[in-house]
Amino acid sequence: MARKKPTPQAAPGATQKLRLHVPEPSARPGEEPDFSHIRVPPAGALPRPDIAAAESSLRGYADGLIRVLDEDQRAVGEWDPQLDAETLRRGLRAMMLTRAYDDRMLRIQRQGKTSFYMKSTGEEAVAVAQAFALDPDDMLFPSYRQQGLLIARGHSLVDMMCQVYNNTRDRLKGRQLPIMYSVREKGFFSISGNLGTQFPQAVGWAMASAMKGDTRIAASWVGEGTTAEADFHHALTFASVYQAPVILNVVNNQYAISSFQGFAGGEHATFAARAIGYGIPGLRVDGNDFLAVYAVTRWAAARARANHGPTLIELFTYRAAAHSTSDDPSAYRPQEESARWPLGDPVERLQQHLIGLGQWSEAQQQALARELDEQVKADLKEAERYGTLATAPASPKTMFEDVFKEMPPHLIKQRQEMGY
Amino acid sequence: MARKKPTPQAAPGATQKLRLHVPEPSARPGEEPDFSHIRVPPAGALPRPDIAAAESSLRGYADGLIRVLDEDQRAVGEWDPQLDAETLRRGLRAMMLTRAYDDRMLRIQRQGKTSFYMKSTGEEAVAVAQAFALDPDDMLFPSYRQQGLLIARGHSLVDMMCQVYNNTRDRLKGRQLPIMYSVREKGFFSISGNLGTQFPQAVGWAMASAMKGDTRIAASWVGEGTTAEADFHHALTFASVYQAPVILNVVNNQYAISSFQGFAGGEHATFAARAIGYGIPGLRVDGNDFLAVYAVTRWAAARARANHGPTLIELFTYRAAAHSTSDDPSAYRPQEESARWPLGDPVERLQQHLIGLGQWSEAQQQALARELDEQVKADLKEAERYGTLATAPASPKTMFEDVFKEMPPHLIKQRQEMGY
Amino acid sequence: MATMNMIQAINSALDVMLGRDDNVVVFGEDVGYFGGVFRCTAGLQKKYGKTRVFDTPIAEGGILGTAIGMGVYGLRPVAEIQFADYIYPAFDQLVSEAARLRYRSGGEFWAPITVRAPCGGGIFGGQTHSQSPEGVFTHVCGLKTVIPSNPYDAKGLLIAAIEDDDPVMFFEPKRIYNGPFDGHHDRPLQPWSKFRESEVPEGHYRVEIGKAAIARPGADVTVLAYGTMVHVCLAAVAEAQVDGEVIDLRSLLPIDLDAIVTSVKKTGRCVIVHEATRTSGYGAELSALVQEHCFHHLEAPIERVTGWDTPYPHAFEWHYFPGPDRVAAALKRVMEG
Amino acid sequence: MATMNMIQAINSALDVMLGRDDNVVVFGEDVGYFGGVFRCTAGLQKKYGKTRVFDTPIAEGGILGTAIGMGVYGLRPVAEIQFADYIYPAFDQLVSEAARLRYRSGGEFWAPITVRAPCGGGIFGGQTHSQSPEGVFTHVCGLKTVIPSNPYDAKGLLIAAIEDDDPVMFFEPKRIYNGPFDGHHDRPLQPWSKFRESEVPEGHYRVEIGKAAIARPGADVTVLAYGTMVHVCLAAVAEAQVDGEVIDLRSLLPIDLDAIVTSVKKTGRCVIVHEATRTSGYGAELSALVQEHCFHHLEAPIERVTGWDTPYPHAFEWHYFPGPDRVAAALKRVMEG
Ligand SMILES: Cc1ncc(C[n+]2csc(CCOP(=O)(O)OP(=O)(O)O)c2C)c(N)n1
Ligand SMILES: Cc1ncc(C[n+]2csc(CCOP(=O)(O)OP(=O)(O)O)c2C)c(N)n1
Ligand SMILES: [Mg+2]
Ligand SMILES: [Mg+2]
């Protein structure tokens with residue numbers, strides 16, 4: 001939790017004036033970054049409970065922090081998922097590809113080739129490790145910062161770029177803001193611009209899967225700031241009441257645009273602890289630790305598949321980049337803060353882990369970085385053959401379609417008015 | 001918590017079909033009432049913590065049940081508020097008056113003199129003891145089942161009856177459904193027909209009081225069923241973030257119309273436990289124990305006044321009457337269930353306590369019952385002089401007023417159209 | 001054929017669809033074991049089981065949020081909002097999600113949900129059990145909105161709504177659940193069984209969404225109404241002794257513009273009636289449409305007879321309710337003007 | 001006098017009111033330290049402190065629920081909803097509470113809140129950063145709804161809204177924050193500083209809620225518009241070379257009916273323009289009102305030029321946006337028909 005700067009208080013007993021407490025982050029621009037309030041327990045300290053364990057026996061996990069990679073990036077403790085080197089390398093690759101994709105897309109936005117972009121830099125382990133931990137046909141209800149899910153599921157970058165460009169191959173027909181992907185064949189639900197709405201929808205999907213005696217579970221993601229929305233509460237209530245087979249993830253990257261997580265309640269409890277009041281296990285995990293994120297997600301998935309109900313996971317991480325291309329973090333947080341994040345960088349940590357295992361080298365690392373950058377460039381070239389928002393976007397002809405399954409008379413009339 | 005009838009499960013490990021869990025109460029009409037799942041800890045067992053105690057040290061209170069009156073209705077333990085006999089007699093009187101009022105109003109509704117009524121039978125200790133524990137100028141944001149707050153604050157029954165009758169003296173000008181009281185001079189906020197909306201409003205009022213360096217705190221009430229609404233989550237979030245001086249009460253009377261509290265999440269956690277995830281103390285109290293309710297409310301009030309922030313109180317009780325005059329509980333719960341409620345009746349318990357103290361007698365009890373019944377009859381006679389909904393309600397002349405502070409032209413025009 | 005009131009007709013539609021399609025699920029507050037505060041789902045949980053017909057937490061936003069997720073999975077959820085007045089907590093899930101999903105996903109995902117909600121006043125429910133919010137939903141592109149006025153249409157429209165692959169708002173005028181209330185609250189209510197529209201097939205049939213019905217043919221003035229007001233208008237036409245053509249819109253969106261235009265071009269006069277507050281109510285859209293399409297045929301100003309722009313005052317229900325007298329007066333004005 | 005764009009004018013209104021009245025508080029998502037995503041509250045927290053100007057959790061329903069409570073206490077809360085598209089989660093608190101409180105309590109309690117929300121498209125914000133939901137709020141009795149079209153009105157109307165004892169919806173057309181955009185997206189935007197309406201008094205003044213302004217007097221046709229569309233209509237009138245009288249409504253509820261009726265009776269023709277979707281938009285109410293009050297003066301059908309009944313498509317913003325060409329075409333039709 002962020003350090004709570006308490007409002008000064010008069011002597012107890014004496015009737016005193018009430019005072020409003022307004023949260024204050026530990027450091028503002030110009031001040032020294034200060035993460036002294038963040039307790040980082042040693043890796044491997046927490047045991048891995050049985051997937052059938054009663055919620056009441058799991059409450060410690062809401063205040064704890066599940067970590068597998070230690071200071072030297074060695075995997076330690078019961079939560080070590082014991083992944084083989086090949087899988088770890090694929091994970092590293094997917095995270096690096098996500099980062100390379102983000103960097104390239106930011107550039108093309110800066111070049112004016114599209115209107116908007118959002119990076120996930122520093123949070124790649126969340127989406128990639130969780131995609132690896134879930135089954136390919138589990139249904140994903142993401143927020144706008146889990147592009148790593150698509151990349152880890154091997155979706156075409158060209159297809160993603162075409163959406164960002166709103167070009168003639170944009171499967172969303174130029175209708176959506178860049179990065180608001182929807183990829184049905186990859187079990188990736190249409191991203192909404194309205195925060196949190198996907199959370200209860202994921203629960204409903206999971207309830208349906210349970211009604212039908214299916215085996216597929218659902219997972220959803222919101223940021224810590226979004227936990228304040230009604231949809232968060234509705235999702236947890238319905239997940240608890242019907243014991244839905246769903247994994248509800250809160251990505252605590254410390255910020256909601258300019259607001260630090262204290263404005264979502266983070267001064268007074270962890271976000272994992274929100275689960276306790278619903279009788280749902282709440283687990284807090286080092287979100288920059290690929291192995292820990294993978295292991296905790298596997299545990300929650302196994303629990304859900306065995307009809308033991310939902311799990312809330314708080315992924316403790318840091319938003320290293322700006323909120324979006326419309327944002328400039330230097331206006332509200334110390335510049336060097338990102339570099340001081342106590343839990344490090346997920347890509348570097350997994351890389352060091354592999355090197356420590358003798359399964360990876362600096363040389364391979366650099367070669368892979370170059371390879372991925374080339375791939376992204378090549379994909380971008382192809383995507384641009386289908387146009388960009390600046391040049392040739394998709395055709396407005398289709399703009400009256402899909403409001404309804406069949407176009408009602410008034411829309412046919414309006415389309416004619418528009419000249420199509 | 002209600003006993004959870006678990007959905008049968010296959011052997012762990014084996015990939016199995018998912019199944020939807022749908023809550024089921026312990027007994028339905030025709031079945032034996034069954035409260036075996038309700039743990040009733042001995043009175044006096046729990047210590048009374050310091051009002052400045054950290055929330056993390058109070059989590060046990062969310063699963064516990066604070067009780068002062070033991071089996072013999074003697075006051076025991078640290079939570080005994082040590083009230084003098086006079087105060088106890090006033091409390092008994094207010095609870096009995098509330099019950100007498102409810103019984104009489106139900107009758108007049110059955111006689112067709114008004115359209116609707118809602119009783120608080122069995123829950124009188126909640127409103128009355130809490131009104132006693134708060135200061136007279138603390139602001140109350142009630143639900144529709146805390147008429148006892150008004151009665152405990154000495155509000156005129158005639159005035160309340162005039163609202164129920166929508167008659168010429170109805171201060172709400174015939175606009176509101178019966179029992180939707182609003183009494184500004186008693187710090188009693190306008191009751192809304194929309195569940196839960198008052199919860200964040202109370203937090204906002206408390207925030208304002210804190211901004212202004214005032215000393216008045218706010219209190220609000222919702223039923224356990226209403227905790228599922230967004231407003232509940234918003235209230236707790238804002239109360240936590242700004243450490244608002246507010247007491248948030250959840251009256252768990254086991255039912256929401258026909259739905260037992262399992263449909264609000266009660267199978268998996270207590271409602272007091274909801275507070276934990278927001279870093280707010282959550283205390284569960286025997287809602288039929290006048291002394292316990294009083295003591296816990298005093299504690300929460302003192303905590304708020306000393307700028308130690310909000311408290312959530314779960315008042316564990318039972319809705320002995322129908323939900324409203326539109327409801328017939330025999331359709332969804334065993335008839336005899338109410339009589340079997342393990343925590344007894346709040347009026348009888350306080351009465352026995354006073355008799356045990358040698359401060360009260362059966363004779364006094366009967367005399368008081370007669371006196372109150374007479375008072376209610378007399379007040380009713382007066383109220384009926386100002387008309388009833390069936391005979392002479394308030395005048396429609398005023399029906400276009402108070403939509404806005406000043407009537408805009410379109411409403412003046414509509415009033416003329418109506419002929420006024 | 002059976003004789004049904006509107007509650008029975010709605011129950012029958014749900015029963016038929018639960019029986020025909022395993023993907024239909026029915027839920028809402030007090031909907032399961034108890035069968036709904038208006039009894040529309042009575043007996044269905046017993047017949048189809050707890051995982052097809054069930055109670056929910058009291059969270060309209062959660063009910064529709066999860067319903068959308070179920071729809072995405074492939075189910076056809078039918079959710080009840082206990083009173084239309086309580087639909088606002090679910091407004092964001094309806095407007096930003098159910099209505100937008102097909103569009104924003106390029107047709108990849110959609111939410112074939114049906115939202116049932118009792119609406120309208122006349123039962124002394126006060127301002128939070130009497131509202132008619134239908135107009136707001138007609139402004140939301142991506143939602144369909146229907147309101148039946150009798151048992152036959154109620155069952156046929158509800159089945160059509162459940163089978164529709166787009167989200168449908170299905171408003172039930174609670175005042176006419178048991179009989180066609182014509183606004184004369186001082187007279188005994190005639191039960192549905194006395195009227196032809198209570199003859200309802202037991203099995204499956206559809207009333208097409210987007211088609212109006214002519215409740216009473218006439219030559220002098222077109223009266224546009226829906227729900228309870230259809231019966232009020234029929235009474236008013238009789239009492240005003242004008243040859244009014246009463247059109248029961250049944251579907252507000254999509255709207256049967258042809259039926260409206262054909263009638264107004266014939267009569268040259270139009271009165272629009274609804275119970276909802278006037279300003280920016282659906283009557284405004286109807287007035288605009290008629291004016292745009294029939295301008296040169298209009299012989300008198302189009303009149304709106306509606307609820308006043310105030311909350312629904314408990315004691316003055318009958319002053320608020322647009323009864324036959326107010327409609328008749330408007331008819332006379334339009335015939336003269 | 002100072003020269004201000006709309007952002008500066010709004011900031012100045014808040015500054016003036018925070019300075020004059022201790023009961024004014026300003027809050028919303030990213031409103032405090034950062035000063036708002038559109039910078040409308042920049043510098044105010046530094047000047048007035050954290051308990052007068054502060055950030056909030058991301059919960060629009062909580063923001064307005066607590067705002068109502070503060071209003072009941074006696075404060076004058078000014079809450080920002082970051083984008084009008086995100087107001088729906090707060091819909092119940094607005095409709096069922098803020099709008100109803102004075103009425104249901106017989107005048108004992110009220111919520112003098114002001115809700116600021118940037119609205120409208122034209123900034124490539126896609127379907128969830130471009131909406132114009134104002135029409136919905138005009139259907140809610142108990143709410144006032146205003147939309148300024150220039151810096152002078154923005155400051156004067158915002159001060160009037162804050163001082164108003166009823167809840168006021170204050171919509172800010174974000175496309176004209178920096179200059180009076182006339183719909184010609186291919187031309188450079190002229191900054192406000194080049195226009196008279198950017199001359200704004202530094203101190204306190206009010207623009208009365210409920211009074212329209214004549215943006216351009218004319219004799220041939222009345223053009224009803226508000227917000228960004230005022231500037232689009234001025235351009236269209238010039239390009240169509242008709243002597244149009246452009247009325248900037250400024251306040252949608254209460255509406256300045258006299259100004260509208262006087263103009264239409266003079267011109268005999270009317271075109272209504274808004275960016276929101278057409279069906280049941282506020283244009284429908286305007287059309288109905290004009291037709292009811294000016295029927296015998298109308299020489300041509302009233303036309304509505306609006307956003308289409310689809311979500312706001314990101315890539316096709318300029319196909320969706322009702323630009324000067326579409327308005328000009330309507331003006332010509334109305335002059336002929
Ligand atoms: C309902 C709603 N309110 C406000 C916004 C504007 N908004 C977009 S992102 C954002 C911050 C979200 O922060 P968080 O949930 O922590 O997610 P993160 O961006 O950190 O991944 C806000 C306020 C929105 N999109 N939807
Ligand atoms: C927003 C909203 N949804 C639904 C209702 C209908 N309703 C009225 S009371 C009630 C049950 C409330 O139960 P609970 O919160 O436990 O309070 P109790 O009646 O037991 O005191 C319901 C569903 C309502 N009034 N408002
Ligand atoms: Mg965040
Ligand atoms: Mg209850």
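Remember, it's a predicted structure, so these values are computed and weren't measured experimentally. Just the heavy atoms: all of them, side chains too, but no hydrogens, waters or symmetry mates, feed the values below. Naming: A, B, ... by sequence-line order, numbering from 1 per chain.
When each of B/L411, B/L177, B/L172 is checked for heavy-atom pairs under 4.5 Å with chain C, B/L177 comes out on top. Between chain C and the residues B/A230, B/A331, B/P23, the largest count of heavy-atom pairs under 4.5 Å involves B/A331.
Minimum interatomic distance between C/A59 and B/A228 (heavy atoms only, all atoms of both residues): CB-O, 3.3 Å. Listed here is the closest heavy atom pair of C/P311 and B/V403: CD-CG2, 4.2 Å. Between B/P396 and C/F316, the closest heavy-atom pair is N-CE2, 3.5 Å.
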Short donor-acceptor separations (under 3.5 Å), chain C to chain B:
from: C/D30; atom 1: OD1; to: B/S258; atom 2: N; distance (Å): 3.0
from: C/D30; atom 1: OD1; to: B/S258; atom 2: OG; distance (Å): 2.6
from: C/D30; atom 1: OD1; to: B/S259; atom 2: N; distance (Å): 3.4
from: C/D30; atom 1: OD1; to: B/S259; atom 2: OG; distance (Å): 3.1
from: C/K50; atom 1: NZ; to: B/V22; atom 2: O; distance (Å): 2.8
from: C/K50; atom 1: NZ; to: B/E24; atom 2: OE1; distance (Å): 3.3
from: C/I58; atom 1: O; to: B/E229; atom 2: N; distance (Å): 3.3
from: C/Y86; atom 1: OH; to: B/G193; atom 2: O; distance (Å): 3.3
from: C/R278; atom 1: NH1; to: B/E417; atom 2: OE2; distance (Å): 3.4
from: C/D309; atom 1: N; to: B/Q414; atom 2: OE1; distance (Å): 2.8
from: C/D309; atom 1: OD2; to: B/Q414; atom 2: NE2; distance (Å): 2.9
from: C/H314; atom 1: N; to: B/R175; atom 2: O; distance (Å): 3.1
from: C/H314; atom 1: ND1; to: B/N166; atom 2: OD1; distance (Å): 2.6
from: C/H314; atom 1: NE2; to: B/S115; atom 2: OG; distance (Å): 2.7
from: C/A315; atom 1: N; to: B/G174; atom 2: O; distance (Å): 2.8

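Using a 4.5 Å cut-off between heavy atoms, B/F400 contacts chain C through both its backbone and its side chain. Using a 4.5 Å cut-off between heavy atoms, B/P29 contacts chain C through both its backbone and its side chain.
For C/F54, the ring pair (Phe, Tyr, Trp, His ring centres under 6.0 Å) partners are A/Y242, C/F27, not counting sequence neighbours. In this view, C/A84 and C/A117, C/C119, C/P133, C/F171 satisfy the side-chain contact (heavy atoms from CB on, under 4.5 Å) rule, not counting sequence neighbours. Applying the salt bridge (Lys or Arg N to Asp or Glu O under 4.0 Å) test to C/E134 and every residue at least two apart in sequence or in another chain returns nothing.
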